[in-house]
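Keep in mind that what you see is a predicted model, and the values were worked out from it rather than measured.
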Amino acid sequence: MSRWHPVIVSLALILASVVSSIGSYSDTSRWVDEEIQQALAQTLREQPADIITTDTIRTFNSHLQTEALRAQVLLSLRPAGTSQHSAAVPDDEDLATTIEAHCSTATILRLSDQRPAMALASMAFIWAVGIGVLKRRPAPSGITFGGLTLRDHRFFTTNGTEVKFTPMQHQLMEMFFLAPEHRLTKQAICEALWPKKEDASETLYTLIRRMKPLLEAQSSLHILSDRSRAYTLTYARED
């Protein structure tokens with residue numbers, strides 16, 4: 001797995017959550033506006049447009065089809081024709097004011113279906129937490145083999161000197177140390193180190209060839225090849 005893969009997955013989930021939330025809010029805002037406009041137009045046919053009374057509010061609420069909107073929409077007076085959520089009495093051009101309807105962002109958000117967005121956000125959170133836990137999990141420490149010790153993702157010689165491997169060499173050495181009998185198949189190595197490469201045989205041969213003198217100089221370890229089908233990390237025992 002690429003080191004960027006967890007980050008990309010988390011960002012994709014967060015982006016999907018945001019897009020889903022905005023889309024649901026926009027759809028809800030659109031039908032709420034349409035319903036308010038319709039209820040307001042019907043109210044103004046029955047009530048005066050220059051005053052707001054209890055009857056005006058009651059009439060307006062009765063024309064709202066969504067029960068959750070009732071008592072959530074604020075009516076106010078504004079100069080006629082100055083607001084997109086206002087309506088004047090038909091065929092009456094002498095009125096200086098008209099009734100305007102307001103619906104809060106919180107109300108629209110509450111009415112919108114945010115469950116898909118919340119589910120995606122929860123997945124992003126769980127994924128991020130899970131990856132964080134895995135990254136913080138220490139590698140097995142204190143594994144000593146052939147004069148090298150693996151401790152806290154680092155290799156040390158018997159005298160405590162840290163062995164400086166390249167990133168690929170280091171990853172392969174950890175695989176050898178953690179593998180049963182310190183044996184790895186060629187396929188397992190290639191899939192772990194070069195997952196997107198169709199044939200990594202030559203790259204693997206080069207990596208092994210360059211590792212051998214470094215290992216032999218720092219320890220008693222050797223890499224043995226089983227007809228290039230598998231590799232075993234071993235060491236020469238002193239008689």
Side-chain angles (χ1 to χ4, degrees), residues 1-40 57 60-76 83-85 100-143 150-154 165-168 170-180 184-185 187-198 200:
M1 179 186 296
S2 169
R3 63 176 181 174
W4 294 109
H5 184 258
V7 177
I8 293 173
V9 172
S10 296
L11 291 177
L13 289 172
I14 292 172
L15 179 60
S17 174
V18 172
V19 171
S20 176
S21 178
I22 294 175
S24 179
Y25 180 90
S26 299
D27 291 342
T28 303
S29 179
R30 186 161 43 251
W31 70 254
V32 165
D33 285 346
E34 293 174 355
E35 185 166 336
I36 288 177
Q37 288 280 26
Q38 181 180 5
L40 191 57
I57 297 174
F60 176 77
N61 285 333
S62 69
H63 289 306
L64 289 173
Q65 298 178 3
T66 304
E67 185 175 354
L69 276 177
R70 295 168 187 168
Q72 299 298 324
V73 180
L74 176 65
L75 299 180
S76 60
S83 172
Q84 63 174 348
H85 299 308
E100 183 182 50
H102 301 274
C103 187
S104 69
T105 300
T107 299
I108 297 176
L109 188 61
R110 188 166 58 251
L111 290 174
S112 63
D113 185 5
Q114 296 296 322
R115 289 173 298 179
M118 292 299 296
L120 289 168
S122 298
M123 291 172 60
F125 176 77
I126 294 172
W127 173 268
V129 170
I131 291 298
V133 169
L134 290 176
K135 285 186 175 181
R136 289 194 298 270
R137 182 181 299 171
S141 60
I143 300 177
L150 171 62
R151 183 171 64 249
D152 297 329
H153 293 291
R154 295 190 295 174
F165 292 111
T166 66
M168 283 292 182
H170 192 282
Q171 187 174 350
L172 180 56
M173 281 299 297
E174 280 206 30
M175 291 175 63
F176 272 127
F177 263 63
L178 300 177
L184 296 168
T185 65
Q187 181 180 358
I189 297 174
C190 292
E191 289 179 353
L193 300 184
W194 304 283
K196 296 182 179 180
K197 201 167 186 177
E198 291 185 4

(request) Report the distance from atom CD of Gln114 to atom CD1 of Ile22, rounding to the nearest 0.5 Å. (result) 9.5 Å

(request) Find out whether Leu120 and Val18 are in side-chain contact, i.e. whether some heavy atom of one side chain is under 4.5 Å from a heavy atom of the other. (result) no

(message) Using 0.5 Å steps for rounding, measure from the CG atom of Leu74 to the OG atom of Ser76.
(response) 5.5 Å

(message) How long is the straight-line distance from CG of Leu109 back to OG of Ser21, given to the nearest 0.5 Å?
(response) 6.5 Å

(message) Taking His153's backbone N and O only, do any of them form a donor-acceptor pair with His170's side chain (distance below 3.5 Å, no angle check)?
(response) yes

(message) Using every non-hydrogen atom in the two residues, find where Gln72 and Thr107 come nearest and quote the distance to one decimal.
(response) OE1-OG1, 3.7 Å

(request) Working to the nearest 0.5 Å, report the span between CG of Leu172 and CG of Leu184. (result) 6.5 Å

(request) Please check if any side-chain donor atom of Gln38 sits under 3.5 Å from a side-chain acceptor atom of Glu34, or the reverse. (result) no

(request) Decide yes or no on side-chain contact (heavy atoms from CB on, under 4.5 Å) for Leu193 and Met168, but give the supporting numbers first. (result) CA-CA 7 Å; Leu193 300 184; Met168 283 292 182; 4.0 Å; yes

(request) Give the minimum heavy-atom separation between Met175 and Ile189, together with the two atoms involved. (result) CE-CA, 4.1 Å

(request) In sequence, state the C-alpha distance, the side-chain angles, and the governing distance for Cys190 and Lys197, and then conclude on side-chain contact (heavy atoms from CB on, under 4.5 Å). (result) CA-CA 8 Å; Cys190 292; Lys197 201 167 186 177; over 6 Å; no

(request) Work out which heavy atom in Ala121 is nearest to a heavy atom in Ser17; give both atom names and the distance. (result) CB-OG, 3.6 Å

(message) With side-chain contact (heavy atoms from CB on, under 4.5 Å) as the criterion, how do Phe176 and Gln171 come out once you've worked through the C-alpha distance, each side chain's angles and the decisive distance to 0.1 Å?
(response) CA-CA 9 Å; Phe176 272 127; Gln171 187 174 350; over 6 Å; no

(request) Could you give me the CA-CA distance, side-chain angles and deciding distance for Asp33 and Arg30, then say whether salt bridge (charged side-chain N to carboxylate O under 4.0 Å, His left out) is met? (result) CA-CA 5 Å; Asp33 285 346; Arg30 186 161 43 251; over 6 Å; no

(message) Working to the nearest 0.5 angstrom, can you tell me the gap between Ile8 CD1 and Leu13 CG?
(response) 12.0 Å

(message) If I compare all heavy atoms of Val32 with all of Cys103, which pair ends up nearest, and what's the gap?
(response) CG1-SG, 4.0 Å

(message) Please check: side-chain N/O of Thr185 versus main-chain N/O of Ala188, any donor-acceptor pairing under 3.5 Å?
(response) yes

(request) Please step through side-chain contact (heavy atoms from CB on, under 4.5 Å) for the pair Glu35 and His63, ending with a clear verdict. (result) CA-CA 9 Å; Glu35 185 166 336; His63 289 306; over 6 Å; no

(message) Please check: side-chain N/O of Asp152 versus main-chain N/O of Arg154, any donor-acceptor pairing under 3.5 Å?
(response) no

(request) Work out which heavy atom in Leu111 is nearest to a heavy atom in Trp31; give both atom names and the distance. (result) CD1-CH2, 4.3 Å

(message) Tell me every residue that passes ring pair (Phe, Tyr, Trp, His ring centres under 6.0 Å) with Tyr25, counting only those two or more places apart in sequence or in another chain.
(response) none

(request) Calculate, to the nearest 0.5 Å, the distance between atoms OG and CZ belonging to Ser24 and Arg115 respectively. (result) 9.5 Å

(message) Keeping Arg70 on the side-chain end and Ser62 on the backbone end, is there a donor-acceptor pair under 3.5 Å?
(response) no

(message) For a quick test of reading the model, state the closest non-hydrogen atom pair linking Ala71 to Asn61 and the distance between them.
(response) N-OD1, 3.5 Å

